Amino acid sequence: MSVRTNYTVYESPRLQILSEDQKEKILNGMMRTLQYTGAHVHHEKARELFKKAGCKVDGVTVYFPPEVILKALSTVPPVTEVFPWDGNKEKKVVVEKNRSYFGPGPTPPNFIDTDTMERRKYLRKDANIVARVCDALPNIGFVQSLGSISDVTNDLADVYEFADMVRNTTTPIMSWSFTREGCRDIHRIAIAMAGGEEEFRQRPNYIFYGEPISPLVSDFHAIDKCMYCAENRIPQVYSPCAIGGGTVPATHAGQLVVALSESMVGVIAAQLINPGTCVIIGGVQSILDMRYSIYSYGAPELSLLSSALTEVVQYCGLPMYSQSGCTDTKKMDMQSALEASLSINAAMMSGANFVHDNGYTESGLTGDVFQTVMDDELISMARVIERSFDVNKETLSVDVIDSVGPGGHYLYEDHTMKWFRTYWMPTLMDRNSYEGWVEEGRKTMKDRIIEKTRDLIDNYEGPRGKVPAQADKEIERILQEAEKRAKESESK
Amino acid sequence: MSSDLGKISDALTKGNVDELKEVVQQALDNDAVPADLLNKGLLPGMEAVGQKWKNGEMFMPEVLRCAKAMSGAMDILRPRLAKEDLGSAGKMVIGTVSGDLHDIGKDLAAMMFEGAGYEVVNIGIDQPNEKFVEAAKEHKPTLLGMSALLTTTMPRMGEVINSLKEAGIRDQMAVIIGGAPVTQEFAEEIGADIYAPNAGSAVDLAREYFESKA
Ligand code: B1M
């Protein structure tokens with residue numbers, strides 16, 4: 001009998017940028033920054049909370065000693081589940097190490113009109129389109145709107161967006177809001193969809209997204225919303241848009257130290273308020289283009305920084321909010337595809353938990369659902385590489401190699417029948433023969449993306465019909481109340 | 001004199017903040033004509049910097065360092081200059097409007113104006129409409145700049161312009177606006193004088209505007 005000994009198996013490959021020592025150095029950089037430089041927190045109650053926990057507070061500056069940081073890190077949950085409101089297990093999101101979900105991004109002012117293909121302001125109807133298209137795409141694991149609605153009451157763009165989107169997708173949404181009030185409205189809508197407060201507590205159905213300001217500032221609304229989420233145990237993201245060379249140091253290690261530090265303020269606040277509540281950190285990490293002064297969404301540094309931060313964040317025991325599938329180009333073209341495929345592959349190999357901005361164009365100023373549809377295909381391709389393959393007796397195939405022998409082919413083999421379906425199948429990429437391609441209308445990638453997207457928009461209904469009447473009514477009521485509140489505050 | 005100018009343009013284009021102050025002070029001590037230091041030394045120096053930037057030989061941080069050096073030199077020079085010497089480069093008040101916390105774009109614009117010889121009062125982010133009007137009354141700028149990065153805060157810019165009108169001081173200054181979602185159309189709609197799509201072009205656009213009014 002032969003016995004296999006000391007055999008090492010890699011389940012899936014991984015992009016590794018930092019060594020253990022380097023991760024520790026960056027973590028310690030964060031500890032030093034928070035202890036000695038401190039962070040601004042423009043929220044009296046939050047400062048009181050920190051003070052009570054043992055932080056030094058001087059004016060708006062809070063200094064966090066390492067023990068406060070470590071204590072917060074000791075109560076972050078190892079796993080949190082987010083449930084689709086219709087109970088579909090396939091779409092459940094598990095916030096846990098070694099699980100990754102890709103999705104679009106929030107709030108650009110512009111959108112590529114799906115009929116005219118021209119850039120214009122983002123409208124309410126677009127939120128519906130994005131929700132339904134994302135609901136249909138198999139590789140999109142969470143949903144954001146790709147825009148901020150311009151044709152509703154100004155201060156309620158956040159609430160309308162959630163109200164419309166949640167009824168058009170069961171894929172968990174990552175929502176945002178201007179203030180705590182918007183947060184509360186959104187939360188009430190989520191509770192209506194969950195069927196009650198207790199039901200929500202058992203099965204949270206969305207994640208909230210908020211942002212501190214680089215460098216090292218938590219403005220009132222950002223930390224206020226963070227505290228609201230913690231109080232209500234809403235899983236949340238608290239992560240900055242750090243601009244390398246602008247709002248954070250031009251060195252990548254320095255950028256990660258600052259980005260990690262400002263996120264940690266939210267982690268600490270949330271854990272102090274409600275130990276065990278889920279906080280995801282990371283954020284947009286890229287550089288200021290020093291020629292055109294734009295925040296680059298296609299830079300290779302975006303992938304490098306995000307992948308490295310993923311390692312550090314996971315080293316802290318936290319889930320990572322990363323990004324990919326985005327571009328600096330203005331129109332769907334080769335640049336958008338090239339930048340997206342590079343960043344999607346890097347994000348996939350880095351093992352980040354939530355990878356957003358799939359569908360961002362024009363450096364984050366225009367949402368493009370066609371880009372999201374293209375990204376969906378790229379994500380599935382990157383997954384093939386990430387999944388890797390097994391090496392065992394069956395897959396080594398020594399027996400079938402022996403039975404076919406030199407010469408011949410494998411097409412008839414049972415072994416082939418059993419395995420060939422594990423090959424990745426394109427839905428957009430062309431592998432037709434030249435003649436076949438001509439016959440089918442000489443379609444380019446762009447044509448196929450447009451066709452697929454429009455087909456989904458026209459024919460995919462989504463879950464709108466399944467929304468319980470009671471929830472529907474409740475949502476309309478919440479919107480009416482929000483309108484009333486907005487009118488009152490305007491007349492003040 | 002010409003060696004002073006050489007030193008000035010050298011220190012400026014290298015972005016040596018302290019050195020530039022020193023050479024400008026020395027030149028003044030040696031009885032140089034202040035207007036010459038500006039027109040034959042600093043401004044051509046900044047012009048060269050701008051050109052190098054456009055050609056992709058210099059980048060934003062380097063340009064900003066030069067602008068900072070320029071601004072330091074101007075602090076020394078300004079009290080010695082007559083109003084006419086300054087050309088269109090006067091005083092500027094700049095800030096990000098109420099409810100808006102984005103500051104880097106506004107800061108870039110402010111620094112570029114400093115580099116062009118403006119005396120810039122940067123009032124910061126999230127500034128209520130009244131603060132713009134107060135600052136305009138207090139500092140009497142030739143140019144008022146507003147930045148907004150959110151579609152929800154853009155309307156504040158129109159409100160500030162209206163408040164300036166109500167205060168009877170609108171025609172005492174030009175108004176320039178910018179920020180990612182802002183457009184030329186919007187600028188016209190609210191009655192701003194200049195729309196700048198980016199910080200680099202803002203200075204040129206302001207100069208063109210003032211020249212067209214002169
Ligand atoms: C007076 O004369 C002039 C002349 C020219 C002027 C000028 C004035 N001002 C600007 N210019 C021009 O010159 C500059 C250089 O060429 C340019 O300035 P910019 O500022 O455009 O360019 C900078 C050099 C680099 N660019 C930037 O600094 C902005 C980058 C993006 C990613 C961005 C950032 C970084 C931030 N953000 Co905000 N943020 C986004 C931005 C998306 C984007 N790609 O622009 C935008 C603007 N943000 C947005 C949103 C929604 C928000 N942000 C928020 C917060 C933040 C951070 C704090 C995290 C951070 C700011 C940090 C800081 N220290 O400034 C929130 C609002 C906070 C508030 N009340 O202001 C929040 C509401 C998010 C939330 N859920 O909380 C979106 C706006 C959507 C809309 N409909 O308006 C957004 C487009 C992002 C997106 N893709 O959705 C020109 O516009």
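As the structure is a prediction and not an experimental result, all values here were calculated from the model. Each chain gets a letter, A, B and so on, in the order its sequence line appears, and its residues count up from 1.
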Residues in side chain to side chain contact (heavy atoms under 4.5 Å, CB included) contact with Ala27(B), at least two apart in sequence or another chain: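 So Ala27(B) forms a side chain to side chain contact (heavy atoms under 4.5 Å, CB included) with Asp4(B), Ala32(B), Leu37(B).
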Please name all residues satisfying side chain to side chain contact (heavy atoms under 4.5 Å, CB included) with Asn39(B), sequence neighbours left out, ordered by chain then number. Ala35(B), Leu43(B)
Over 12 foreign heavy atoms within 6.0 Å of CD, Gln25(B):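 Enclosed: over 12 neighbouring heavy atoms sit under 6.0 Å from CD of Gln25(B).
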Gap between atom CD1 of Ile213(A) and atom CD1 of Ile125(B) - 0.5 Å precision: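 It comes to 5.5 Å.
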Short of 3.5 Å, which donor-acceptor contacts do chain B and chain A share? List atoms and distances.
{"from": "Trp53(B)", "atom 1": "NE1", "to": "Arg291(A)", "atom 2": "O", "distance (Å)": "3.4"}
{"from": "Lys54(B)", "atom 1": "O", "to": "Arg291(A)", "atom 2": "NH2", "distance (Å)": "3.2"}
{"from": "Met60(B)", "atom 1": "N", "to": "Met290(A)", "atom 2": "O", "distance (Å)": "2.7"}

Which residues from residues 164-178 of chain B are near chain A, with near meaning under 4.5 Å between non-hydrogen atoms? none
Select one option (side chain, backbone, both, neither) describing which atoms of Ile294(A) are under 4.5 Å from chain B's heavy atoms. neither
